[in-house]
Amino acid sequence: MPGLLVAQAPAAAAAGIVTDLGVAGRGGDVVASGGKVFVAADDRIVVASLDGRLVDTISGLSGAVALAALDGGRKVYAALRDSNEVIEIDAATVAVTRRIDLTAYPCPSHLTQSHNRLWIGYGCGEAGQGGVAALVLSATTPTPVRVGPGTTQPPLVAVIGSTLVAGEPGVSPAVVRVYDVSITPATPRGEIREDADGLPALRDLALTGEGPAALSALAGTRRFDAWDTTTLTQARAYDGSGSSELGVPAAVAASPDGAYVVGGWNSSSGDAAKLVVYDAATAEVIYEADHPGKALVAGSIAFYGTLTWGVLKEPDTGRMHLWRLPPSPYHSSALTLTAPSEATALKQSTLSGRLTLSNGSLPGVQTLELYRWLPDGTSRPYQEITTAADGTYEFTDTPPSSGTFEYQVYWPGNSWFRGSGASATVAVASYQPVLTVTGPAAGVVGEPLEFSGTFGADGVAFPRTTIVVSRKVVSPDGTVTSKALPKVAPAPDGSFGFTDTPTSAGEHTYTVRLVGNSVVAPANTSHVVTVLQPAA
């Protein structure tokens with residue numbers, strides 16, 4: 001598939017989508033998770049949709065400057081520099097679900113995550129008081145563990161697999177320290193230096209590929225460097241695509257699969273930005289986009305499928321803007337979703353579909369995002385589903401009520417294929433119960449009559465409802481009397497029972513009615529008992 005890449009660098013492309021975030025100040029770090037984009041913005045985190053629309057805000061924060069999230073994960077972590085803590089955010093609900101105290105590791109400013117561990121670059125500018133701390137997120141109360149020596153500035157951190165790199169930004173000469181984090185505590189592997197004195201000042205740090213290679217954005221170099229983390233030597237360089245006026249490297253990152261390196265450049269005057277996409281293996285420029293009038297925030301490049309994000313700032317006001325590159329030049333995909341022609345509340349229904357790729361190849365096993373909405377507009381729990389190797393998939397759902405249900409399935413894409421989505425609506429009918437009542441056919445005045453019944457089937461668990469019972473008595477002389485008996489609360493499986501003690505002889509007709517609601521349709525039935533006077 002690498003042969004599909006163009007050999008020559010294209011001309012600068014359109015700027016893509018740029019969204020004014022409506023906030024200025026510190027921050028600018030960006031991650032994407034759960035179909036949303038999160039931007040740290042000092043006293044808040046601004047949340048946008050994948051098409052750049054502002055959809056939510058987490059406010060009341062104190063120094064939100066850094067974010068971390070796993071590719072395809074459900075949690076977002078944010079470093080709050082001023083309150084010395086890390087918060088955990090549910091990507092689906094945008095709710096803060098946990099706060100982790102970092103008082104002993106103040107001014108957390110940089111984050112990176114691998115599986116259930118989070119590494120934090122902290123430090124408030126006091127010599128030797130900063131450094132890197134590690135957290136095990138699966139612990140009920142995570143305890144930070146220090147990694148490496150003390151620093152003055154909070155180190156930049158990046159992790160892939162068992163390799164962690166850390167480097168103090170803005171310090172010259174700089175050193176990138178490499179650690180093996182497959183065991184605790186971390187084991188130092190060595191240091192990356194351009195020469196005996198070290199590196200120019202670091203602006204950004206990332207990792208890519210298997211091995212992996214450390215990516216650095218260094219002041220004054222007009223390039224991004226890849227460093228072998230085993231030999232600690234330079235492996236290759238990604239240059240500035242010939243744009244001499246945009247020669248200040250600001251940010252660098254690698255796509256989740258390691259196929260691409262994206263470098264961010266700013267003009268020397270800080271009033272123009274460029275994002276350049278490189279082939280990670282060959283360093284060829286395969287795509288680039290310019291944006292005038294704003295500068296790229298250092299370290300602010302993130303990915304979601306084939307989408308690439310950055311954060312821009314107005315040089316005079318510091319106002320932030322979210323920048324999304326178009327997914328070009330990747331190939332397209334198509335996703336279908338077929339819903340049942342009819343569905344019933346409380347009964348399981350099956351939906352299915354298929355993911356196909358524009359070049360006709362099989363997609364292999366892929367993870368899809370499933371979103372579901374109830375008739376009242378509320379959402380059901382976020383869910384991930386997987387396809388078979390040929391792209392087919394199916395999932396089941398049990399509607400909790402009647403009404404119109406909406407289903408959306410989304411594939412975020414990968415390095416070669418744009419993501420795609422599909423939706424379907426299902427009209428769900430009320431559950432149609434079959435109400436039955438059993439009891440004696442004959443009885444005696446003064447002796448209790450016991451009845452039992454059910455409206456359940458299919459192993460369904462029912463929400464709370466009510467059974468109404470009325471009794472009509474036709475006496476031997478033809479007199480008719482009626483009376484409502486106490487209401488009955490059925491069990492969750494739909495079973496119920498009641499007792500009545502007749503006070504007169506005659507034909508007793510018990511009418512039993514199930515009160516309907518938005519889930520279960522109403523139903524009624526009756527049972528006749530002949531009641532005699534007791535024998536003399």
Side-chain angles (χ1 to χ4, degrees), residues 29 31 40 62-70 75-88 98-193 198-199 201-207 212 214-216 227 229-230 232 299:
D29 200 12
V31 298
S62 185
V65 294
L67 300 169
L70 290 178
K75 301 292 184 183
V76 174
Y77 294 90
L80 305 187
R81 179 180 172 88
D82 296 344
S83 59
N84 301 322
E85 61 183 332
V86 164
I87 59 173
E88 179 184 83
R98 183 162 57 155
R99 293 179 178 268
I100 302 172
D101 179 47
L102 292 175
T103 303
Y105 302 85
C107 302
S109 302
H110 303 289
L111 296 178
T112 187
Q113 185 184 359
S114 175
H115 302 293
N116 73 330
R117 289 189 291 177
L118 189 72
W119 283 268
I120 305 148
Y122 68 92
C124 304
E126 298 293 330
Q129 299 303 306
V132 178
L135 288 174
V136 177
L137 297 170
S138 58
T140 304
T141 305
T143 301
V145 176
R146 184 165 177 165
V147 177
T151 63
T152 300
Q153 300 300 325
L156 299 168
V157 285
V159 66
I160 287 182
S162 62
T163 301
L164 173 74
V165 291
E168 193 172 356
V171 175
S172 184
V175 173
V176 174
R177 294 182 171 87
V178 183
Y179 299 92
D180 181 347
V181 291
S182 60
I183 57 174
T184 301
T187 303
R189 288 185 188 168
E191 297 178 347
I192 294 173
R193 298 172 176 266
L199 299 166
L202 271 172
R203 295 179 182 272
D204 198 11
L205 185 62
L207 283 167
L215 301 172
S216 62
W227 306 86
T229 54
T230 300
L232 309 178

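Residues take their numbers from the sequence shown, with the count starting at 1.
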*Could you tell me which non-hydrogen atom of Asn116 sits nearest to which non-hydrogen atom of Ser138, and how far apart they are?*
ND2-OG, 2.9 Å
*Close side-chain approach of Trp227 and Val178, heavy atoms under 4.5 Å*: no
_Expected output: side-chain Thr229 to main-chain Pro212 donor-acceptor under 3.5 Å_ = yes
*Can you tell me how far the CG atom of Leu164 sits from the CG atom of Leu207, to the nearest 0.5 Å?*
8.0 Å
_Pro108 vs Asn84 side-chain heavy atoms within contact, under 4.5 Å_ = yes
*Measuring from Leu156:CG to Leu205:CG, what's the distance to the nearest 0.5 Å?*
6.0 Å
*Does any non-hydrogen side-chain atom of Val157 lie less than 4.5 Å from one of Ile120?*
no
*Looking only at heavy atoms, what is the nearest atom pair of Asp29 and Ala66, with distance?*
OD2-CA, 3.4 Å
*Do Val171 and Thr152 come close enough that some side-chain heavy atom pair is under 4.5 Å?*
no
*Value rounded to 0.5 Å, distance of CG in Leu118 from OG1 in Thr112*: 8.0 Å
*Are the side chain of Glu168 and the backbone of Gln153 linked by a donor-acceptor contact shorter than 3.5 Å?*
yes
*Donor-acceptor contact present, side-chain Arg81 to main-chain Gly123, <3.5 Å*: yes
*Does CD in Glu191 sit with more than 12 non-hydrogen atoms of other residues, nucleotides or ligands closer than 6.0 Å?*
yes
_Can you give me the closest heavy-atom contact between Ala158 and Ala206, atom names plus distance?_
CB-CA, 3.8 Å
*For Asp82, check salt bridge (Lys or Arg N to Asp or Glu O under 4.0 Å) against everything at least two apart and list the hits.*
Arg26
*Do Arg98 and Pro142 have side chains that get closer than 4.5 Å, going by heavy atoms?*
yes
*asked:* Within this structure, what is the CG-OG distance for the pair Asp180 and Ser162, rounded to the nearest 0.5 Å?
replied: 5.0 Å
*asked:* Side chains of Leu137 and Gln113, heavy atoms from C-beta outward: is any pair under 4.5 Å?
replied: yes
*What are the two closest non-hydrogen atoms of Val147 and Ala134, and how far apart are they?*
CG2-CB, 4.2 Å
*Compare every heavy atom of Ala186 with every heavy atom of Val181, then report the nearest pair and how far apart it is.*
CG1-CB, 3.8 Å
*Any idea which heavy atoms bring Cys107 and Pro154 closest together, and the distance?*
O-CB, 4.4 Å
_Is there a side-chain contact between Tyr122 and Leu102 in this structure, where contact means two heavy atoms from C-beta onward sitting under 4.5 Å apart?_
no
_Side-chain touch Leu135/Tyr77, heavy atoms, less than 4.5 angstrom_ = no
*Between atom CD1 of Ile192 and atom CZ of Arg177, what is the distance when rounded to the nearest 0.5 Å?*
11.5 Å
*Working to the nearest 0.5 Å, report the span between CG of Asp101 and OG1 of Thr143.*
10.5 Å
